[in-house]
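For reference, the structure is listed below as structure tokens.
Being a predicted model, the structure only gives us computed values, none of them experimental.
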Amino acid sequence: MRLSILGGRVIDPAQHLDEVLDLHVEEGRILALGKAPAGFHAEQTLQAEGLLVCPGFIDLSCHLREPGPSYKGNIVSETRAALAGGFTSVCARPDTQPPLDSAAVLRVVREKAQTAGQARVLPLGALTQNLEGQLLANMAALQGAGCVAVTNVRRPVQDNLILRRCLEYAATFDLLVIFYPEDPSLAAGGCAHEGALASQLGLTGIPETAETLAVSRDLLLIEQTGIRAHFSHLSTARAVELVREAQLRGLPVTADVALSHLLFTDATLEAFDSNYQVQPPLRSEADRMGLLRGLKEGVLTAVSSGHLPHEKAAKMAPFAAAEPGMSSLEVVVPQLLQLVADGWFGLDVLVDRLALGPAELLGLESGALLPGYAADITLIDPEASWQLDEQSCCSAGHNTPFWQQPLKGRVVATLVDGDVRYTTREQQNH
Amino acid sequence: MSSAQNNPAHPRNVQLTADGRLKHFLSINGLSRALLTEILDTAESFANMGEQAVKKVPLLRGKTIVNLFFENSTRTRATFELAAKRLSADVLNLDIKTSSAAKGETLMDTLQNIEAMHADMFVVRHADSGAAHFIASQVTPRVAIINAGDGRHAHPTQAMLDMFTIRRHKGGFEGLKVAIVGDILHSRVARSQIRALHTLGVEEVRLVAPKTLLPIGVEDLGVKLFTRMEEGIRDVDVVIMLRLQKERMSGALLPSESEFYRLYGLTTEKLAYAHPEAIVMHPGPINRGVEIESAVADGSRSVILQQVGYGIATRMAVMSMAMSGQMQERAQIQ
């Protein structure tokens, strides 16, 4: 199969590229940029005038809900949502039911993803058995079954000796370890950023130190054990600074921020809207500024969706009793484009943090439009006006504050291995 | 990113009609001094009813009021029930134990089932902050919701009966210094009182407590913080004592009841630091010998029992006003 994407504005930070170029694909791989090689005849062409042509995005943290309660979503619905959001690969969180702590479960997830034929699924393995923080998971077997990293997600290993052993064992196989830093006792019972507003509203707060204390401990153990490590979903400016200092000391650590924390603060609490109930909690405006700066300056190497789809009833409860999480995959692009429009960073940074940054972290030959790489490509119409509603939404989770709100900028086509797996109806008629 | 003014989910926009009348009563937040004064004046008109031979007015005749208590309360429920009956409403009392599993669904289903019975007003007490707001904004907006206490967030009818008490005994609010003493951290009453006192224009609101019982950032509400009782109540006109729950010792918030009583218990000696005509209030039920000495609770400066009586008049005022606003809005929609 030969395909050409014609006349689009190609943005590829790996090659410092931002210009209008044609892009040619052969046998699922990128063949060339610019003029078609001699003798190349495309069987399919995509007209991309006015569109951004980017390497396919990679999400470092996404909940696919399978195995688990199917009313919250499944691999088919959520990998479809990933494509609609421009993500050609998504890391699947291991806190499923049962958790991704055995090669068998991992294989089932990969097979289901294969059958679904939507976005690629890169499973994250559990760091400990059943994510209980007691016994080592079979990490070598998980690696053999295709996990790209191990993590205990937001159930941090509390016992420092056990954590040290986990990290040493992961280092044996050069496995990347992902931390969701939170001190469980400081965070216990909390549902909101500890601050004046949570106090006024009578919501139990989670202090900044719940995150910074955990990051500090983890950094010391990372240094001691020499593992490759990544922090996911940082929420405080102080934690960004801790990671920055560690990077300056030469530690191989990186971090990401979830979309919601770049957009919202604890000011959203006032209306008790449970759509804003997320983990970690939305913090202060100073924290949001610190996260945006960290992202711009490259301390934070990725933006993750933090996608957590829920059925309606999970959110139909008073704030503290609602289940945490936001359905985010499909609004990442319009919201980050808004931050570009607001002058926070350029399109090159946007594409870097969504594609190249995650690819480098996971050691994938991806996240760039280099000849020979898999043709994972995202096409964006930066001017398209649309809204997320029953018609357009692919995810089973409608739990987002952007539901039925006007959005600007939209993913119009997503290619995996050179195969056009997602297009909007408008793009089909193009 | 959310702006209070144009956010329809903001508390002030949820509980008021388009022309600024009460249609739910969820929190003091966002209510004007004029509206709070209207509540107090209305309560005043009901205040002497208890002494009359026929203790009823027909304001809510034919209306159905459901007391939905997801959390136990004898006294608050009793005063709401009496208030509703004196307004001639039909009253149904429901005590609902929440199961921890599928909490959200249970609450939603319960409420919608009762709404289907054509209830006109829910009086709701719930252990989660924001529960009343959630019900009013998302579950049953066509039923007037009166917040009878939600988590640590608000207990606005208690705050209004306290304001009623202060106005009756002090004549008004201007120039008053008010100290709230004890477990501020867990107190929905204190949170509502602070807002009401500020809105009604007292000179100074002080909070007196050890640092473990003061919420982080509470000074943003414009209050003065004191950790020493003698300084905190010096020259105040009103001392409001809060109930100390026994379980506070287990959360490492306090070492012992006796140490708390020694430092923050209101004794005759400590009360001497307050203004000679200071009144002593307590939302009840009181713990004698934990936060207040019996001699003070039963003494001449105490208005604790009067507060209970004023509770009925204040709740009648709020219920009649919210019902009227809700009816007006329903009429406009139809």
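No other option in A:Gln200, A:Glu323, A:Glu194 has as many heavy-atom pairs under 4.5 Å with chain B as A:Gln200. Of the residues considered (B:His186, B:Gln138, B:Arg188), B:Gln138 shows the highest number of contacts with chain A, using heavy-atom pairs under 4.5 Å.
Looking only at side-chain heavy atoms (C-beta outward), A:Thr204 and B:Arg152 come within less than 4.5 Å of each other. Considering only heavy atoms from C-beta on, A:Ser199 comes within 4.5 Å of B:Ile216 through its side chain.
Within the model, atoms CZ of A:Phe272 and OG of B:Ser129 stand 6.0 Å from one another, a figure rounded to the nearest 0.5 Å. Note: A:Lys315 NZ to B:Met108 CE = 14.0 Å, rounded to the nearest 0.5 Å. With values rounded to the nearest 0.5 angstrom, B:Asn29 atom CG is found 7.5 Å from A:Leu201 atom CG. For the atom pair CZ of A:Phe319 and CG of B:Asp150, the computed distance is 13.5 Å after rounding to the nearest 0.5 Å.
Surrounding CZ of A:Arg238 are at most 12 heavy atoms belonging to other residues, nucleotides or ligands under 6.0 Å away.
Only the side chain of B:Arg191 has a heavy atom closer than 4.5 Å to any heavy atom of chain A.
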